[in-house]
Structure formats: C-alpha cells, structure tokens
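Residue numbers start from 1 in every chain, and the chains themselves are labelled A, B, ... in the order their sequence lines are given, proteins ahead of strands.
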Amino acid sequence: MDERIAPHVEELSRVLGNRYTEEIRAELEKLLQYRVPLDEAKRTILNRFTSRSPASVQVKDLVGGMNGFDIIGRVISIEKKNVTVQEDKRSVFTGSFGDGTGICSFTCWDDMSLKAGDAIRIKNAYTRMWNNRPELYFGKRSVIEKLPDDQLQDIAEMSHAKPKKLQDIAPADVMASSEVVIVEMYHRDISLKGKMLTITEGVIADETAKLPFTSWTPLRGADIGSFIHFEGASIRIFRGLPSINFSDNTTISLIAQPEKLPFTLHSVSSAADPVPILNVLDKSGIFDVTVAGNIISVRPGSGIIERCPVCNRVTQKASCRAHGPVECVSDMRIKFILDDGTGSLHVMLNCELSEAVYGKTMYEAEKMARESISKEVVFDDMKRVLTGKYIAIRGNSSKNEFGVTLVAKSAWCPDADLKGRMDILLKRIEGQVSNNG
Amino acid sequence: MAEREMAYRIFACEFNDSRFQVSSASDAPGQADLHAPNFLVTTAGAKVNRLFIAGVITEVEDIGSQKGGEKELWRARVSDPTGTFTIYSGNYQPEASVFLSTVEVPSFVTIVGKVRSYEPGDGSVFVSLRPEEINHADESIRNRWMVDTAELTLDRLDIFDEALSSGLSGTDLLDHLSLKNVPSNIAEGICIALDHYHTDRDYIRGLKIQVRDALLSIGSSLSASPGGGLADIEQSVMVMLHEMNQGKGVEYAVLVREAGEKGIPAELVEKAVRSLLSDGSLYEPRVGFFRAID
C-alpha cells in the first residue's frame with residue numbers, strides 16, 4: 001500500500017507547496033480504504049488543503065465557509081471547555097480574537113497553549129457559521145506562530161477597539177464601541193428566570209447607519225436625543241442584522257460635546273435619500289434603509305392569503321405547518337422585485353402598505369376574489385396595476401439563501417423632478433461632448 | 001446562492017449594436033452549468049442578461065400562424081427615441097403572448113425580458129428580448145425610464161472613458177477599476193467590450209450624443225406634463241400661503257419674494273396661482289392678496 005501511494009502523496013504535497021505531507025498520506029490512505037477511486041481521492045484532498053480564500057484576511061472581512069487563510073491578531077480571552085464528540089471526551093479552547101478591525105469569537109480544537117494577550121499569526125484557519133455569525137476555527141492543520149509583542153497594538157486597545165461607525169460593525173464582531181445618538185427608546189418588562197426585569201430597547205444612530213439596541217442595565221441619564229459613548233457592548237446577529245446589547249460589562253457615558261460629532265439628532269432622524277440597490281446587496285443586512293426603483297415583477301404568493309391564527313404562518317389549504325387544520329385568518333400582502341438598474345431585491349408589503357400601494361382595500365380585493373371564485377384574480381390584478389411602476393420603499397433589509405429581502409415599513413411614490421435631473425444630464429453631456437471634440 | 005440577475009437599463013441603439021455573448025460558466029469547459037446565465041456584452045460594456053425597457057409598442061405581428069399555425073410566436077417592436085427593441089414571445093411566455101395579441105398599437109408599455117441572440121450563420125447577429133413581464137404604461141413611466149436610463153448609461157460611459165484614458169487592459173484594467181470602486185460586473189463588461197469591439201472614444205462620444213438627443217426629444221413633454229413640476233410648485237405655494245397667512249391673506253409681491261428665496265421663479269408662481277385659483281383652492285379677498293381655502 002505504502003509503496004503504491006507514495007508517489008501520489010509526493011505529488012499532492014508538491015502541488016500544495018510541500019506542506020502537510022503526513023496528513024495527506026493519512027487522508028489518502030483512509031479514502032482508499034473506503035474504496036474511493038484514486039483520482040477522486042486526490043481531488044478531494046487537493047480541495048481540502050487548497051486555500052480558496054485570500055491569503056490574509058482581517059476580522060471585518062470574515063464570512064462563513066472560508067478556508068485556509070492567514071490571520072494576525074491578539075487572543076483577547078480564552079477558556080477551556082470539555083465537550084463530547086461522538087462519545088469521545090475532548091477539550092476545546094474558545095474565546096475572542098481581535099485585530100483592530102473587529103473582535104470575533106474563535107474555537108480551537110487543540111491545545112496550542114495560548115493565553116490571553118498573545119500576539120499570533122494563525123495560518124490555515126477556517127470559518128463556520130455559528131449563532132448566525134462567522135466564527136474563526138483552527139486546529140492541528142493550522143500553524144500558530146507567536147509574534148513579537150510590540151508588533152501589534154496592546155490588548156486594551158484591541159479589546160476596546162477604537163470607536164467604530166455603526167455601518168462598519170461586521171457580521172463576525174462580538175463586541176464593539178461607538179459614539180451614537182439615541183433616536184428611539186422604550187422600556188419593556190420581561191420575566192427572566194422567574195424574575196421580573198425592566199429592559200430598555202430602542203434604536204441608536206450615527207451618520208452611517210441605525211441599529212437596534214437592548215440594554216440589560218438601566219441607562220441612567222440617557223434618553224431620546226442623548227449622545228452616548230459606549231465601550232464593550234456585545235453584538236448579536238439576527239438575519240444578518242447586528243443588534244447592540246448593553247450589559248454590566250459595557251461602559252456607557254454621555255458625550256460632553258455632542259456638537260463636535262458629524263451628526264445631530266435631526267440629521268439621523270430625517271428620512272434618508274434612496275441608496276443604490278447595489279449598496280444594499282453588498283451588506284448582509286441594513287436597519288432602516290430607503291431604496292427606489294421599478295417594480296419589475298410581482299411574485300406568486302401576493303394577494304389574498306390565509307394565516308394560522310396561532311402562529312401567523314401562511315397556511316396551505318386551511319392547514320398550518322405547525323398547528324394542523326385551523327380556522328384561517330385572511331390577510332393581504334404583496335411580494336415583488338424592485339430593481340433600480342444597479343441591482344434588484346425582494347420587497348414584502350404588509351396588508352396596510354399593500355392597500356396603499358395597490359389602491360384597493362383588502363375588503364374590495366376579497367370581494368373581487370369571491371365574485372370570480374378565485375384568489376388568482378387579485379394576484380393578476382396586482383400584476384396589472386403594479387408591474388413597471390416606480391416606487392420608494394423604506395425598511396430593513398436582510399440576506400438569506402434566496403437573496404436580499406426588504407421588509408417595508410413605508411412605501412410611497414417619490415417626487416419626480418425629471419426636468420431638473422434631465423437638465424443636469426444634458427449639461428454633463430454637453431460638457432463632455434464639446435471637450436472631447 | 002443563485003443571485004437574481006438585475007435588469008439593466010440601456011437604450012435600443014446600444015443594445016442593437018451588440019453581438020457578443022458570454023456565458024458565466026465559460027471558464028470551465030466540459031462542466032458548463034446548465035443554469036449559468038448567458039450574457040450579452042454591449043459595445044459600451046454592459047453585461048446584460050435581463051433588461052427593463054419602457055417605450056412605445058409600434059408593431060405586433062403574429063408570425064406563428066404564418067408558418068402553419070402550429071407554433072405560437074409573436075413579434076413586437078418597442079421603440080425608444082434611439083431605436084427599436086425586437087420582442088419575441090412564444091408559447092413559453094403565455095401571459096406576454098396574450099398581452100401582445102390584444103395590445104393597442106401604438107401605446108406605452110414596460111417590458112422585463114431576457115436577452116436572446118440569433119446568428120443566421122452569415123456572421124451577422126440579431127439581438128432580441130424574450131419577455132418575462134409586460135404591462136401597460138403611461139408617459140410619465142416612460143419619461144422616468146428615459147432619465148434613469150440616460151443617467152445609468154452616462155455613469156457607465158464615464159467609467160468607460162476612465163478605462164480608455166488609463167490605457168490598461170485585461171486584469172490590470174480590472175484592478176485599476178476596482179480601486180476606483182467600480183462594480184465588478186461593469187468593470188468586466190468594459191474589459192470584454194474593449195477586447196471584442198475595440199470600442200473607442202468616437203463610439204462613446206456618439207453614444208453620448210444619442211443619449212442627449214433622446215433626452216431632448218422628451219424635454220418638451222416633461223415641462224408641459226401636468227403631473228410634473230407644476231404640481232409640486234402648487235403644493236409649495238399652498239404651504240407658503242398657509243404659513244404666511246395672518247388672517248387677511250398674503251400679498252402677491254410678498255409671496256413671489258418668499259418663493260424666490262426658495263428658488264421658485266416668479267413666472268412659475270404666477271402659473272401656480274392661476275391654476276390654483278381656477279380649481280378653487282385659492283381666492284382673492286382683496287386685489288393683490290391671495291388666501292388659501294382651508
């Protein structure tokens with residue numbers, strides 16, 4: 001056996017830059033034992049060991065499913081956990097890792113004798129999605145290189161990294177600091193482990209973005225319109241949208257001279273101008289964004305629908321996925337694709353917005369459906385009314401396996417200063433055409 | 001994740017000049033993904049799979065029945081001020097075919113469609129659209145499409161100018177453009193266009209002139225359109241009259257001065273006031289004073 005596979009191991013190792021020879025041999029032997037054809041086995045190994053991602057990445061650029069990249073930073077915290085993997089007791093090391101662009105959580109499968117504060121270069125790391133965020137993994141196929149301590153900023157600076165703009169908070173981040181203004185705030189009583197607790201929820205903003213926040217500690221002296229500086233807030237990701245969590249470990253202070261900030265309560269509260277859809281597609285999720293474009297397709301599932309009275313899920317043939325046959329509740333919605341020539345995304349309109357955009361109430365639509373004994377008639381009518389129309393939508397966007405979806409909070413027909421835009425364009429062309437000629 | 005192909009806005013002249021098709025899976029021959037979209041790369045670097053057009057439908061022909069009536073096939077022509085898009089709709093586009101069989105000619109329509117190209121074998125290429133959505137439109141939708149399309153086209157042509165002046169090509173050009181934050185699909189399209197069509201400054205300039213002429217052709221209908229600028233000015237005049245009213249209405253000269261500060265010229269104020277008077281939103285309590293009716 002050994003004799004026969006030796007040249008292949010050598011070949012693979014050479015292709016991979018003379019690395020991992022022993023591991024390649026072990027993998028190849030295992031695959032051949034399972035009677036995987038030699039060519040396929042070699043391909044599998046090549047794929048596994050080849051790095052498909054950029055050679056060196058930073059925390060802010062981490063996404064799920066990356067392989068074989070290098071990353072430099074500091075271990076901020078680390079702890080040992082005992083887990084059972086297939087009835088096998090093992091220890092893993094988890095913690096957080098920062099490089100000045102962000103702080104992510106990591107899992108290391110082997111004891112690399114790392115401790116908090118170590119400046120390291122991890123070669124051949126990979127990422128997996130965990131708790132909706134990319135998490136950094138490394139193990140025995142990775143190489144850890146300790147760096148001289150003075151090569152990186154010190155740990156305090158990394159763990160409380162300098163304030164980030166809200167739009168720069170990346171999916172991999174677990175902690176962040178920033179300077180923001182509170183634009184919405186309300187209190188809610190919840191029961192946590194049998195204890196009543198008042199939490200504060202709301203929305204914070206800077207000139208780049210808005211994000212929802214939850215505070216588990218009382219926000220003394222802060223109210224709507226307060227400018228605050230926070231440090232070490234934890235971040236949770238849901239549907240690609242970060243939400244900021246203030247806890248006992250977060251330090252929060254009021255900003256003494258808010259007039260020095262590049263934003264005011266007024267500037268962040270006013271409705272933003274539409275952004276090109278391309279910019280929305282780049283992000284995994286945006287809280288409160290405005291886009292405008294043409295409705296290029298009204299999608300199936302629009303029109304009169306039925307929902308489960310318990311869980312609000314859409315029902316099929318009067319039967320809910322979770323609750324079986326139910327007394328359905330009627331609802332109306334519109335799903336369509338909005339396209340502005342830079343990109344396209346899905347938009348969801350609830351009943352109220354559907355009525356406004358479609359121009360018929362749900363009552364009228366239901367009547368129409370009853371009279372023709374078909375719900376299709378409402379869908380067809382919506383297509384006729386809406387396809388091709390120009391519309392502006394404000395809401396939250398999120399990315400999933402089907403693309404980017406915007407759940408609308410409001411919708412309107414934007415003012416058209418076509419004449420003004422046309423004059424600008426004509427001037428632009430005039431300048432260029434005469435310059436060139 | 002299969003991302004949805006966005007709908008490009010381009011003018012008919014640029015579309016009809018184009019004949020170069022690429023498949024996104026062309027770099028992996030033998031394993032070509034059947035679902036990989038095909039693109040038409042235009043002379044000015046748009047990499048188009050899907051188009052959104054608005055224009056006037058000028059001709060519908062039932063060419064299916066000419067060949068014995070077995071196959072349903074409709075050909076339609078939709079024109080914008082720079083040229084004409086050709087549309088083919090067969091039995092796989094039942095809704096579009098029904099639409100075309102009943103549409104009045106001429107009328108405004110919007111179409112979302114996939115790009116098709118046909119090579120008869122003599123070296124020529126015919127490009128057409130296969131509709132996914134087709135709907136009635138009105139002049140205001142067409143006008144907005146024109147302005148949007150002109151803006152997007154000019155943005156792209158500016159990048160093309162940039163690419164031409166850089167003197168680079170291939171991956172060097174791609175790197176150069178990505179440093180300038182040019183979206184990758186446009187950068188790729190421009191690279192291919194340079195390579196395949198040898199598009200030069202003269203062509204780009206010609207295209208700009210066509211865009212200008214197209215805009216000028218709808219210019220008159222824009223200023224005259226009742227739903228356009230005047231309605232906005234009427235609304236601002238109403239708001240001003242409400243705000244400035246101290247019981248006896250507002251003096252016309254004061255109104256004009258206030259409007260002037262907001263950038264509204266006097267002749268438009270006069271137009272708005274006349275129109276508001278005629279539809280009964282205003283009255284003249286004293287000569288030269290106007291008051292809004294609550």
Test side-chain contact (heavy atoms from CB on, under 4.5 Å) on A:Lys389 and B:Arg144; report intermediate values, then the result. CA-CA 10 Å; A:Lys389 290 270 166 6; B:Arg144 181 184 276 278; over 6 Å; no
CD1 of A:Ile429 to NZ of B:Lys208, rounded to nearest 0.5 Å, is 8.5 Å
Proximity breakdown for A:Asp417 and chain B, heavy-atom pairs closer than 4.5 Å: neither
Pick one of side chain, backbone, both or neither for B:Ala7, based on which atoms fall under 4.5 Å of a heavy atom in chain A. both
Are any non-hydrogen side-chain atoms of B:Phe52 and A:Asn294 less than 4.5 angstrom apart? yes
Contact summary for B:Glu133 and A:Ser297, nearest pair of heavy atoms: OE2-OG, 2.8 Å
Among residues 148-156 of chain B, those lying within the under-4.5 Å heavy-atom range of chain A are B:Asp148, B:Ala150, B:Glu151, B:Leu152, B:Leu154, B:Asp155
Engaged part of A:Pro414 at the chain B interface, taking heavy atoms whose separation is under 4.5 Å: both
Point-to-point distance, once rounded to the nearest 0.5 Å, from CE of B:Met146 to CE of A:Met422: 8.5 Å
Distance check, rounded to the nearest 0.5 Å: B:Asn135 atom CG versus A:Ile295 atom CD1? 10.5 Å
Nearest 0.5 Å, what's the CZ-CD distance between B:Arg205 and A:Gln432? 11.0 Å
Using a 4.5 angstrom heavy-atom cutoff, name the option from B:Asp158, B:Asp138, B:Ile134 with the most pairs to chain A. B:Asp158
Euclidean distance, B:Arg9 CZ relative to A:Thr342 OG1, rounded to 0.5 Å: 8.5 Å
What distance separates A:Asp339 CG from B:Arg4 CZ, expressed to the nearest 0.5 Å? 7.5 Å
Heavy-atom contact with chain B under 4.5 Å, split by part of A:Ile296: both
Atom CD1 of A:Ile373 with >12 non-hydrogen neighbours under 6.0 angstrom: no
A side-chain contact here means heavy atoms from C-beta on lying under 4.5 Å apart; do A:Leu278 and B:Pro183 qualify? yes
Look at atom CD of A:Glu364 and say whether more than 12 heavy atoms of other residues, nucleotides or ligands are closer to it than 6.0 Å. yes
Non-hydrogen atoms of chain A under 4.5 Å away: do they reach the side chain of B:Glu132, the backbone, both or neither? neither
Around B:Glu95, counting heavy atoms of other residues, nucleotides and ligands shown, do more than 12 lie under 6.0 Å from its CD? no
Examine whether an atom of B:Val109 lies under 4.5 Å from a heavy atom of chain A, and if so say whether it belongs to the side chain, the backbone or both; otherwise answer neither. neither
Part of A:Ile337 within contact of chain B (heavy atom distance under 4.5 Å): side chain
